[in-house]
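The block underneath contains the structure these notes are about, expressed in structure tokens.
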Amino acid sequence: TGKWALVLFIAGMAAGAHAGLPETPRLRQFTVADGLPSNRINGIAEDRAGYLWIATSDGLVRHDGVDFHTWRVEQGLHDNFVWSVNVDARNRVWFGTHQAGLGVLDAERRHFRYYSRGNTPAMASDDVWSVASTPDGATWFGTADGGLYFSDIRVNRVFRLDPACKITAVRENTNGTNGIALTKEGDLLFAEGGGPRISKRGRDGAIATVTDSFQGKPFLSPNDLLV
């Protein structure tokens with residue numbers, strides 16, 4: 001299932017008798033009528049300048065608070081369907097596509113670079129569903145049929161793409177992981193569909209179970225997570 005339309009919380013002004021109280025967030029919804037290329041929103045990230053980067057089913061979008069600017073194939077994308085987006089420690093914009101693998105727009109917003117099965121043989125799939133990055137500059141990504149980050153779900157392995165673009169295996173036995181998240185402490189969280197559980201990889205490499213149930217009911221097959 002897709003994520004439909006773009007919904008943002010905008011801080012409202014406290015007034016009258018509410019003076020001194022915290023501002024109450026107001027909900028505002030953006031659609032194609034406001035300039036989005038599609039109402040299907042797959043991911044959102046914010047860069048250092050405060051721009052919002054939006055992954056849609058019809059292009060990569062930047063929102064400056066007023067207008068939407070869209071990149072499609074004509075502007076340098078290799079695929080208009082963008083599943084996910086992430087801004088790394090160097091302010092580069094990484095995004096996962098449906099058919100063209102993993103893309104990155106440099107910090108100057110001038111040039112795109114792509115990683116796919118064509119130029120990175122170790123990649124198991126060009127259908128990249130999720131992207132995350134760590135403070136040290138490493139980029140992690142998950143594929144539709146290749147597992148977590150750079151993972152081959154068929155053999156349950158997880159890989160890391162480091163800042164030098166070197167790929168190394170960092171975990172075995174991923175239990176069908178798809179969803180990924182990074183904590184403030186630098187730990188990686190995994191949604192293990194075959195676990196079924198949410199697990200954590202500490203900075204020492206140890207894997208531990210975070211939880212395997214919700215409100216006393218065991219997970220069936222967790223697919224994604226958000227911190």
Side-chain angles (χ1 to χ4, degrees), residues 1-11 25-88 91-119 123-133 139-150 178-182 191 193 222-227:
T1 58
K3 303 170 186 175
W4 302 93
L6 175 64
V7 178
L8 300 178
F9 284 100
I10 304 173
R26 292 184 291 109
L27 191 65
R28 182 177 177 185
Q29 182 170 337
F30 294 92
T31 68
V32 292
D34 301 291
L36 283 169
S38 170
N39 282 340
R40 179 164 181 169
I41 307 300
N42 298 316
I44 305 173
E46 183 179 0
D47 69 15
R48 292 179 186 173
Y51 291 111
L52 290 181
W53 292 86
I54 307 163
T56 83
S57 63
D58 192 24
L60 177 67
V61 181
R62 185 184 70 186
H63 181 49
D64 61 9
V66 178
D67 299 315
F68 295 93
H69 178 83
T70 302
W71 282 262
R72 293 189 180 92
V73 171
E74 295 80 6
Q75 287 78 40
L77 294 190
H78 285 186
D79 183 5
N80 286 339
F81 199 111
V82 183
W83 277 120
S84 53
V85 63
N86 175 266
V87 179
D88 70 9
N91 206 34
R92 297 175 298 180
V93 179
W94 292 83
F95 53 95
T97 70
H98 178 45
Q99 296 180 323
L102 183 69
V104 58
L105 178 60
D106 64 22
E108 291 73 32
R109 310 298 183 243
R110 295 178 181 176
H111 304 290
F112 289 97
R113 182 176 180 180
Y114 286 88
Y115 300 89
S116 66
R117 287 181 297 177
N119 60 24
M123 287 186 67
S125 173
D126 286 337
D127 193 3
V128 179
W129 283 8
S130 55
V131 186
S133 59
T139 300
W140 302 78
F141 56 98
T143 66
D145 52 6
L148 172 66
Y149 302 137
F150 187 0
N178 180 59
I180 60 175
L182 180 70
N223 183 64
D224 207 353
L225 71 163
L226 178 68
V227 177

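Since the structure is predicted, the reported quantities are computational estimates derived from the model, not experimental observations.
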Point to revise | Heavy-atom donor-acceptor pair, N80 side chain to V73 backbone, under 3.5 Å | key: yes
Practice item. To the nearest 0.5 Å, tell me how far I54 CD1 sits from H69 NE2. Key: 12.5 Å
Practice item. Quick one: closest heavy-atom pair of Q99 and D126, and the distance? Key: O-CB, 3.5 Å
Check your understanding: Stepwise, does the side-chain contact (heavy atoms from CB on, under 4.5 Å) test hold for W83 with D127?
Key -> CA-CA 8 Å; W83 277 120; D127 193 3; 2.7 Å; yes
Practice item. Would you indicate whether the side-chain heavy atoms of F95 and V131 approach each other to under 4.5 Å? Key: no
Check your understanding: Mind checking whether F81 and N42 have side chains closer than 4.5 Å, heavy atoms only?
Key -> yes
Review point. If you take all heavy atoms of D79 and H98, which pair is closest and at what distance?
Key: OD2-N, 3.1 Å
Review point. If we only count heavy atoms from C-beta on, is the Y114 to L77 side-chain gap below 4.5 Å?
Key: yes
Check your understanding: Which pair of non-hydrogen atoms, one from S57 and one from S38, has the smallest distance, and what is that distance?
Key -> OG-OG, 2.7 Å
**Study point:** R109/D47 under side-chain contact (heavy atoms from CB on, under 4.5 Å): CA gap, chis, key distance, verdict
**Key:** CA-CA 11 Å; R109 310 298 183 243; D47 69 15; 3.4 Å; yes
Check your understanding: So, for G59 and R72, which heavy atoms are closest and what is the spacing to 0.1 Å?
Key -> CA-CG, 4.4 Å
Practice item. Write down the atom of V128, the atom of S84, and the distance for their closest heavy-atom approach. Key: O-OG, 3.9 Å
Check your understanding: Among V93, L105, D106, which one satisfies side chain to side chain contact (heavy atoms under 4.5 Å, CB included) with F112?
Key -> L105
Exercise for review: Find out whether V87 and E46 are in side-chain contact, i.e. whether some heavy atom of one side chain is under 4.5 Å from a heavy atom of the other.
Suggested key: no
Check your understanding: Do the non-hydrogen side-chain atoms of N39 and Q29 ever get within less than 4.5 Å of each other?
Key -> no
**Study point:** Considering all heavy atoms, the nearest I44-I41 contact
**Key:** CG1-CG2, 4.1 Å
